[in-house]
> 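Here it is, the structure, as C-alpha cells.
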Protein chains: 2
Amino acid sequence: MASSETGSRRVTIDDVARSAGVSRQTVSRALNDKGEIGVSTKQRVLDAALELGYRPSRFARGLVRQDAISVGLVIPDLLNPFFTEVAAAALDAARARGWHVVVYDTGDRVEEERGTLEVIASQVDAVVGYLRQPEDEVDKLMRGLPVVLIDRERRTERFSSIRIDGEGGVHAAIRHLVDSGHRRIGMLDHAGRSEPSIRHDWFVSAMSACGLDAGSVSRADQSVEGGERALKALLTDHPATTAVFTFNDIIAIGALRAARRLGRRVPRDLAVIGFDGLRLGSLVEPPLSTVALDTRGLGALAVEQTARLLATSSPLSGDELVVRAELRLRESA
Amino acid sequence: MASSETGSRRVTIDDVARSAGVSRQTVSRALNDKGEIGVSTKQRVLDAALELGYRPSRFARGLVRQDAISVGLVIPDLLNPFFTEVAAAALDAARARGWHVVVYDTGDRVEEERGTLEVIASQVDAVVGYLRQPEDEVDKLMRGLPVVLIDRERRTERFSSIRIDGEGGVHAAIRHLVDSGHRRIGMLDHAGRSEPSIRHDWFVSAMSACGLDAGSVSRADQSVEGGERALKALLTDHPATTAVFTFNDIIAIGALRAARRLGRRVPRDLAVIGFDGLRLGSLVEPPLSTVALDTRGLGALAVEQTARLLATSSPLSGDELVVRAELRLRESA
DNA sequence: TTGAAAGCGCTACCAC
DNA sequence: GTGGTAGCGCTTTCAA
C-alpha cells in the first residue's frame with residue numbers, strides 16, 4: 001500500500017478515480033462515452049486522466065470484453081514484392097473477418113524468425129506465414145496455436161500448409177515457347193538451396209513433355225542483380241539459348257535488364273517468362289510474361305484455413321490447400 | 001454454474017484442470033514448461049489441453065505478465081510501393097524495440113479507416129500512420145492513445161505529425177534541369193485534392209528561384225496509367241516541354257512509359273524527375289532520377305516519437321519531426 | 001510436487 | 001447520476 005513509490009508504476013483507472021474523487025466505474029463511463037454521467041463529473045474525470053497520462057490497459061479491457069481475434073503474419077521480407085502481395089492479400093482477407101493482423105518481417109534471418117516465434121505465441125491467436133524453422137521447433141514454440149504455412153517445399157503432416165501448384169502453368173509456358181519456335185530453352189533457377197527447386201522439376205518435366213532435353217540451367221540469387229548475372233552466365237555458356245524461364249519475376253526482371261545490356265532484344269532475340277505474376281512485371285519494358293500465382297486466392301485460403309482451425313471445425317485437407325499458377329502472356333514472350 | 005450449456009463457451013484453464021484432475025496452477029506450470037511438476041502429471045495435463053483444444057487467453061496472460069507493447073500502423077494501401085517502404089521501415093524500427101505492429105490497410109477508403117480506428121483503440125498502445133479522418137474524429141476515437149501522423153499536409157497541433165521537407169530536394173532537381181539546359185519544365189501534379197499539392201508549391205518556388213515562370217502543370221491520378229495520361233495531355237498542350245517533375249515516382253514511371261510510346265527518348269528528348277525515391281525506380285528503363293525521401297529515417301522517427309509519447313517523456317517538437325528529401329540522380333535526367 | 005488464495009486492470013450488472 | 005461487487009482467465013506468491 002505504499003503510495004509514494006519511486007519508479008513509475010502504471011497509471012491505473014483507480015489512480016484516475018482517486019484523483020478525480022469518483023469511483024472507477026464513473027471513470028470507465030467517462031472514458032467510454034457511456035451516458036449516465038454528469039457533464040461536469042465527466043470533464044473532471046477526463047482532465048484527471050489527461051493529467052496523469054492515463055491509458056487503459058488493452059489486456060484488461062480485452063479480458064472483459066471478449067474481443068476480436070488476431071493472427072500473426074510472418075513474412076521473410078516485406079520489401080520483396082512477392083511477399084508484399086501475399087501480405088496485402090492476407091490483410092485483406094483478415095479484414096473481411098474483422099481480424100487484427102500482427103505483421104512480423106523477419107528480414108530473412110532464421111534466428112530472427114525464431115525470436116519472433118518465441119514472442120508471438122502470447123500475442124496472437126494463430127500464426128500464418130513462411131516459416132523456415134524445423135517442424136519440431138515450431139511445434140514446441142507454438143504450443144497448440146493454429147499454424148498455417150505457405151509454400152513449404154516439403155509437405156508437413158503436423159501443420160496445415162498451402163501448396164503452390166505451378167505445374168500446369170509451367171507446362172503451358174514451355175509449350176508456348178516451343179510453339180513460338182524456341183528449342184533451346186534455359187532456366188534461371190534460384191541459388192538458395194543446394195538442390196534444384198520444385199519449379200525446376202516442373203520445368204524439366206515440361207521440357208520433356210515437349211520432347212526436349214532438360215535445358216541448361218543457371219543459378220541466380222533472388223534479386224534483380226542475381227538475375228542479371230545468371231542470364232549473362234547462361235548466355236556465355238550456352239549462346240544459342242533463345243528463351244529462358246526463371247524461378248521468379250524478380251530474377252526475370254534482372255534477365256530483361258541483362259538482355260538489354262547485351263543487346264539482345266526481347267522477345268525477338270530472347271524470350272523471357274517469369275513466375276509469380278507480380279504487378280511489378282507489367283511496369284517493366286517489355287511487360288513480363290509470367291506464370292502467375294493467384295496471390296489474393298492464396299491469402300484468402302490461408303485465412304480461411306486459419307478460421308477453421310480456430311473454430312476446430314472441419315479444416316481443409318491437403319488437397320484443398322492448393323493455389324494454382326497460370327500462364328499470363330504479356331510481351332516478353 | 002450450469003456446466004452443460006449449449007453453444008461453445010471458451011475453453012479455460014479451469015476446464016483443463018478439471019479434466020486432468022489437477023488444479024489450474026498445475027496446468028499453468030505444465031503449459032509454460034516450468035519445472036516443479038511430475039512428468040506424468042505434466043503429460044496428463046498436456047493431453048487434456050490438446051483434447052479440449054485449449055488455448056490460453058492472450059489477454060489474461062498479458063494482464064498478469066506486463067507484456068510487450070504493440071502499435072497500430074494504419075496504411076492507405078500496402079500495395080502502393082511507397083507505403084510498402086514506409087511500412088517496412090516502421091516494422092523494422094519497431095522490431096528493434098521489441099514492439100509488435102498491427103497493420104491495417106484501409107484500402108484507401110475513408111469509411112474503412114474510420115472503422116479501423118474505432119476498433120483499434122482496444123488493441124494497441126499507440127497508433128502510427130496516414131490518417132485522413134478529421135482531427136476531432138481521431139481525437140474522439142483514440143481517447144488519449146498516442147498518435148503519430150505521417151505527412152499531413154495541414155499541420156495539426158493536437159497530434160504529433162511527421163513532415164516531409166522536399167523543398168531543398170526539389171530546388172536541387174529544378175536547378176539540375178536548368179543546368180542541363182532545360183527551360184520549358186512542366187509538372188505532373190496529383191489529381192487527388194482540388195488544390196495543388198505542396199510539392200507543386202515547391203516546384204513553383206524552385207522555378208522562380210531559377211528565374212523561370214511556373215511551368216505548365218497537368219494533373220495525374222496516382223498510378224502508372226495516370227502518369228501516362230497526364231504526360232500525354234501535357235505534351236499535347238505544351239509540345240515544347242523538355243522536362244517534367246512529377247508528384248511521385250509512380251506517376252513518373254507512367255511518364256517514362258508514355259514518353260517511350262510517344263517516341264520521346266529519355267532523357268535526351270525529355271528529362272523526368274520523380275519524387276519519393278522508390279526502389280522500384282531503379283528497375284525501370286531508364287532508371288529514374290528522383291527526389292528521394294529517407295523512408296527508413298521516416299519509420300525510425302515515427303517509432304521514436306511514439307516511444308516518447310508512450311513514456312510521456314519529452315516528445316520531439318514539430319521542428320524535429322521532419323524528414324528531408326534529396327535529389328538522387330539516376331539516368332532519366 | 002501440488003494446491004489455495006490473491007490479484008493484474010478493467011467493465012457489467014446491480015443497487016442506491 | 002453514481003458507487004459497490006463480481007468476475008473476465010491467467011500467473012504468482014505462499015503453504016502444505
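So that the names make sense, note that chain A is the first sequence line, chain B the second, and so on, each numbered from 1.
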> Expressed in angstrom and rounded to an integer, what is the separation of B:D15 atom CG from D:dC8 atom P?
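Roughly 11 Å, once rounded to whole Å.
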
> Round to a whole Å and report the spacing from CZ of B:R18 to P of D:dG9.
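That distance rounds to 12 Å.
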
> D:dG3 P sits how many Å from A:R24 CZ, rounded?
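It is 12 Å, rounded to the nearest whole Å.
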
> Output the distance between atom CD (A:Q133) and atom CG (A:L117), rounded to the nearest 0.5 Å.
6.0 Å

> Using the side-chain heavy atoms of A:N32, tell me which of these nucleotides is nearest: D:dC10, C:dG9, C:dT11.
C:dT11

> Using whole Å, report how far CD of A:Q43 lies from P of D:dT2.
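To the nearest whole Å, that distance equals 13 Å.
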
> C:dG3 P sits how many Å from B:Q25 CD, rounded?
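About 7 Å, once rounded to whole Å.
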
> Grab the two heavy atoms, one from B:A307 and one from B:R97, that are nearest each other, plus how far apart they are.
CB-NH1, 3.4 Å

> In whole angstrom, give the distance that lies between atom CG of A:L63 and atom C1' of D:dC10.
8 Å

> Looking at every non-hydrogen atom in both residues, tell me the closest pair between B:A68 and A:R58 and how far apart they are.
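Smallest interatomic distance, heavy atoms only, reads O-NH2, 2.8 Å.
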
> Of all the nucleotides listed (C:dC10, D:dC10, C:dA5), which has the minimum atom distance to the side chain of A:R61?
C:dC10

> Please determine whether a side-chain nitrogen or oxygen atom of B:K34 lies at a distance below 4.0 Å from atom OP1 or OP2 of D:dT12.
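Yes, B:K34 has a side-chain N/O under 4.0 Å of OP1/OP2 on D:dT12.
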
> Is the phosphate of D:dG3, meaning OP1 or OP2, less than 4.0 Å from a side-chain N or O of A:S23?
yes

> State which of C:dC10, C:dG7, C:dG9 makes the closest approach to the side chain of B:V64.
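Among the listed nucleotides, the one closest to the side chain of B:V64 is C:dG7.
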
> Could you walk me through whether B:L79 and A:T84 pass the side-chain contact (heavy atoms from CB on, under 4.5 Å) check?
CA-CA 7 Å; B:L79 284 177; A:T84 308; 4.3 Å; yes

> Check this one for me: any side-chain N or O of A:T41 less than 4.0 Å away from OP1 or OP2 of D:dT2?
yes

> Is it the case that the base of C:dG3 and the side chain of B:R29 share a donor-acceptor contact (distance under 3.5 Å, atom types as modelled)?
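Indeed, a donor on one side and an acceptor on the other fall under 3.5 Å apart.
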
> If we count only N and O atoms by modelled type, under 3.5 Å, do the side chains of B:E320 and B:S317 hold a donor and an acceptor together?
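The criterion, which ignores hydrogens and geometry beyond distance, is satisfied for B:S317 and B:E320.
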
> Which is more 5' along DNA chain D, the nucleotide nearest B:S28 or the one nearest A:T26? Just name the residue.
A:T26

> How close or far is atom C1' of D:dC10 from atom CG of B:D14, stated in whole angstroms?
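So the CG-C1' distance, B:D14 to D:dC10, works out to 9 Å.
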
> Return the 5'-most residue of the pair A:V27, B:I37 with respect to DNA chain C, ranking by each residue's nearest nucleotide.
B:I37

> Rounding to an integer number of Å, can you tell me how far A:R55 CZ sits from C:dC8 C1'?
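So the two atoms are 17 Å apart, to the nearest Å.
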
